[in-house]
Amino acid sequence: MSLSSRLKGLVNGNTVALLLLIAFLAIIPLTGHRFYMYIATLIMIMGMFAMGYNVLFGYVGLLSFGHGLFFGAGAYSTALFTLKVYSDPLVGVLITVPVALLTSIIVGVLTLKHGKVYFAILTLALSMIFWSALVKLRWLTGGTDGLVGIPKRGVFVDVSGPIVTYYFILAFFAVIMLGLYILNKSRYGLLLRALGANEDRLPFLGYSTFTLRMVALTISGTASALAGSLYAVFYSVVTPDVAYWTFGAEPLIMTLIGGPSYFLGPLIGALIFVPLTTVVARFAEYWMLLLGIALLAVILFFRGGLLGFLESLSRELKLGVYRRWRF
Amino acid sequence: MEILKVENVTKKFGGFVAVNNVSFTVNRGETVAIIGPNGAGKTTLVNVITKKLEPDEGRVFFDGFEITRLPPHKITKLGLVRTFQVVNLFPTLTVRENMALAGLSAGATGEVRRVIEMLGLEEYTDRVVAKVPLGVQKLVELGTSLLLKPKMLILDEPVAGLGAEDRLNMVKVLSELKKSLNLIIIEHDMDVVFALVDRIIVMDKGRIIADGRPEDIRENKLVKEIYLGGE
Ligand SMILES: Nc1ncnc2c1ncn2[C@@H]1O[C@H](COP(=O)(O)OP(=O)(O)OP(=O)(O)O)[C@@H](O)[C@H]1O
Ligand SMILES: [Mg+2]
């Protein structure tokens with residue numbers, strides 16, 4: 001078997017890539033290297049955030065500047081629930097789901113009926129309001145200090161050791177990634193892609209575009225909120241920063257870097273973005289410069305992101321056309 | 001028994017009246033053509049009936065329901081389905097996926113295969129719609145419409161842009177279809193019109209100027225002057 005056809009077999013399926021990645025993440029703690037575990041955890045959390053974000057951005061074509069709201073809602077609902085109601089990380093993460101559903105519906109009703117440009121602005125506005133509320137409602141949220149001491153030890157699970165925390169997050173990561181993959185392959189995935197491809201046609205096939213957009217927003221919001229929830233468990237601390245609008249733009253940046261038309265694009269973006277932020281962000285001014293140049297390069301020359309670049313490269317080299325990378 | 005009733009419908013664009021106080025009814029089983037010169041208001045009339053556009057005045061009834069205030073997806077669900085003058089599909093999705101969307105909507109996923117075969121589209125099923133010939137795209141649009149199980153199908157220029165062979169094929173398919181559902185066909189090709197319909201409505205400058213059997217329309221002096229004479 002030639003190398004190229006073997007390569008093809010390996011990289012062709014999104015499932016294979018996803019399973020390999022999960023397996024790879026699963027063995028990282030065996031290195032005993034705390035820093036690698038730290039980076040890998042952030043990749044999982046930010047990867048989930050970006051993958052959730054892209055359900056709206058890549059599939060449906062809706063640009064949100066307010067996804068910090070969902071991430072923040074997840075992080076704060078877990079923090080508040082475990083601190084004030086019931087001290088268990090597992091229940092604390094699961095409680096995010098109904099919170100996210102409710103948040104998505106409220107956000108959807110307020111933002112989805114006014115066209116794409118206004119959607120971007122309205123989501124931005126809502127996330128700003130949410131951030132202000134987190135800062136101002138000190139009695140509930142701890143203001144700018146946030147909430148500290150989010151418990152890792154609970155009634156059902158005890159994730160107080162770093163390795164257990166890691167696998168706890170990996171388990172959620174795996175479930176959500178596979179869930180998104182199944183969604184992508186299902187009829188709902190097809191409907192969401194149709195929404196992105198030619199939204200105006202759908203009513204004439206008997207579909208309410210508002211309902212479909214709402215479904216997309218809810219899936220996207222829930223995945224993002226779960227990412228925020230795990231973030232809260234991981235750090236044991238949440239501050240309003242997680243709902244700040246610049247943080248809400250990070251999944252967009254990751255998605256653009258990886259490739260928004262590819263199922264795994266946002267995750268690949270996180271794989272690049274997270275280590276870079278962790279290492280380079282210490283030199284703040286260079287970080288902004290680097291990020292600016294990277295974004296410029298992506299938009300001007302590599303519109304399909306890294307995966308788009310690889311797809312055209314593989315076409316050049318006659319390795320076959322990997323349309324199946326796309327969702 | 002009437003299935004579609006259009007009552008005093010008017011549509012303006014700014015000061016320009018594109019559809020001017022149009023009324024007509026279509027009975028069950030009738031196959032109707034709407035003809036008229038470019039800019040007569042045919043497409044606009046269909047857009048208003050199917051709520052692609054809001055009418056300024058008038059009312060529309062379909063199958064016993066008033067649909068004037070209904071959103072387009074509910075009108076579609078009632079069984080009033082349309083195609084578009086400029087092919088309107090999901091260009092980045094495959095032929096099969098386009099069909100599946102319609103099948104899903106009407107709970108007819110099981111029939112996608114049958115419709116693909118009936119239209120002779122087997123060799124294109126897994127091709128992206130943007131990359132198949134226009135004749136195939138037009139058939140795909142017809143196929144998606146059929147999967148929606150319409151009671152009435154409005155076709156806006158089904159053969160426009162097609163070559164002779166594709167035209168013949170489309171006429172053949174449509175003459176089968178008209179046996180089982182109400183067709184309204186907007187068309188410039190008079191051979192196609194005369195081959196298919198029982199009745200012709202002629203529009204000009206937003207108004208209906210004639211309405212009758214094809215033989216009568218062919219002889220109608222006004223129509224000859226305004227429309228047929230111009231060709
Ligand atoms: N959205 C719009 N805004 C402004 N004017 C419009 C719009 N749609 C149509 N018109 C105008 O309304 C008139 C009727 O257009 P319409 O498309 O209904 O004609 P038609 O009978 O379908 O013509 P054709 O045979 O060329 O398709 C034309 O003068 C057209 O320019
Ligand atoms: Mg027209």
Side-chain angles (χ1 to χ4, degrees), chain A residues 12 54-55 57-62 109 112-115 182-216 259-263 265 303-305 307-308 311 315 320-327, chain B residues 46-47 49-53 67 70-94 96-109 112 126-131 137 140-141 143-151 153-156:
Chain A
N12 212 345
N54 203 40
V55 170
F57 180 68
Y59 288 54
V60 179
L62 279 173
V109 166
L112 286 175
K113 282 194 167 162
H114 311 280
I182 291 165
L183 170 83
N184 170 48
K185 287 291 162 208
S186 75
R187 53 181 65 177
Y188 301 103
L190 177 62
L191 276 168
L192 298 187
R193 282 181 283 142
L195 203 50
N198 187 3
E199 178 176 80
D200 295 339
R201 185 63 163 96
L202 282 165
F204 300 96
L205 293 178
Y207 295 104
S208 153
T209 46
F210 177 73
T211 307
L212 289 178
R213 283 173 157 200
M214 188 64 108
V215 170
S261 327
Y262 300 88
F263 174 69
R303 192 64 63 80
L307 289 179
E311 184 183 314
R315 201 175 285 156
V321 179
Y322 300 125
R323 212 189 146 252
R324 279 201 273 162
W325 288 356
R326 295 173 175 265
F327 46 66
Chain B
V46 174
N47 284 344
I49 291 172
T50 58
K51 290 298 285 299
K52 171 101 179 139
L53 296 171
I67 59 170
L70 289 185
H73 70 273
K74 294 207 172 139
I75 295 176
T76 306
K77 284 282 183 202
L78 282 178
L80 177 53
V81 174
R82 66 169 297 183
T83 63
F84 290 81
Q85 184 167 350
V86 178
V87 172
N88 194 347
L89 291 163
F90 302 91
T92 51
L93 303 183
T94 64
R96 189 207 306 276
E97 286 172 331
N98 271 271
M99 299 276 203
L101 283 168
L104 265 176
S105 171
T109 26
V112 170
D126 290 318
R127 303 256 308 264
V128 170
V129 155
K131 299 203 169 145
Q137 294 181 0
V140 172
E141 197 165 8
T144 59
S145 306
L146 294 179
L147 282 162
L148 295 169
K149 301 181 178 162
K151 294 182 181 129
L153 181 54
I154 307 181
L155 300 161
D156 197 349

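A, B, ... follow the sequence lines: proteins, then strands. Residue 1 opens every chain.
The shortest non-hydrogen separation linking A/Pro203 to B/Thr76 is O-OG1, 3.0 Å.
Here B/Leu89 contributes atom CG and A/Leu205 contributes atom CG; the two are 8.5 Å apart, rounded to the nearest 0.5 Å. Within the model, atoms CG of B/Asn88 and CG of A/Asn198 stand 5.0 Å from one another, a figure rounded to the nearest 0.5 Å. Here the OG1 atom belonging to B/Thr144 is positioned 5.0 Å from the CZ atom belonging to A/Arg201, to the nearest 0.5 angstrom. B/Ile75 CD1 to A/Phe204 CZ: the interatomic distance, rounded to the nearest 0.5 Å, is 8.0 Å.
Interface with chain B: from residues 206-215 of chain A, residues A/Gly206, A/Tyr207, A/Ser208 qualify, criterion being any non-hydrogen pair under 4.5 Å.
Proximity to chain A involves both the backbone and the side chain of B/Lys52, based on heavy atoms less than 4.5 angstrom apart.
A search for side chain to side chain contact (heavy atoms under 4.5 Å, CB included) contacts involving B/Thr109 returns B/Leu104, not counting sequence neighbours.
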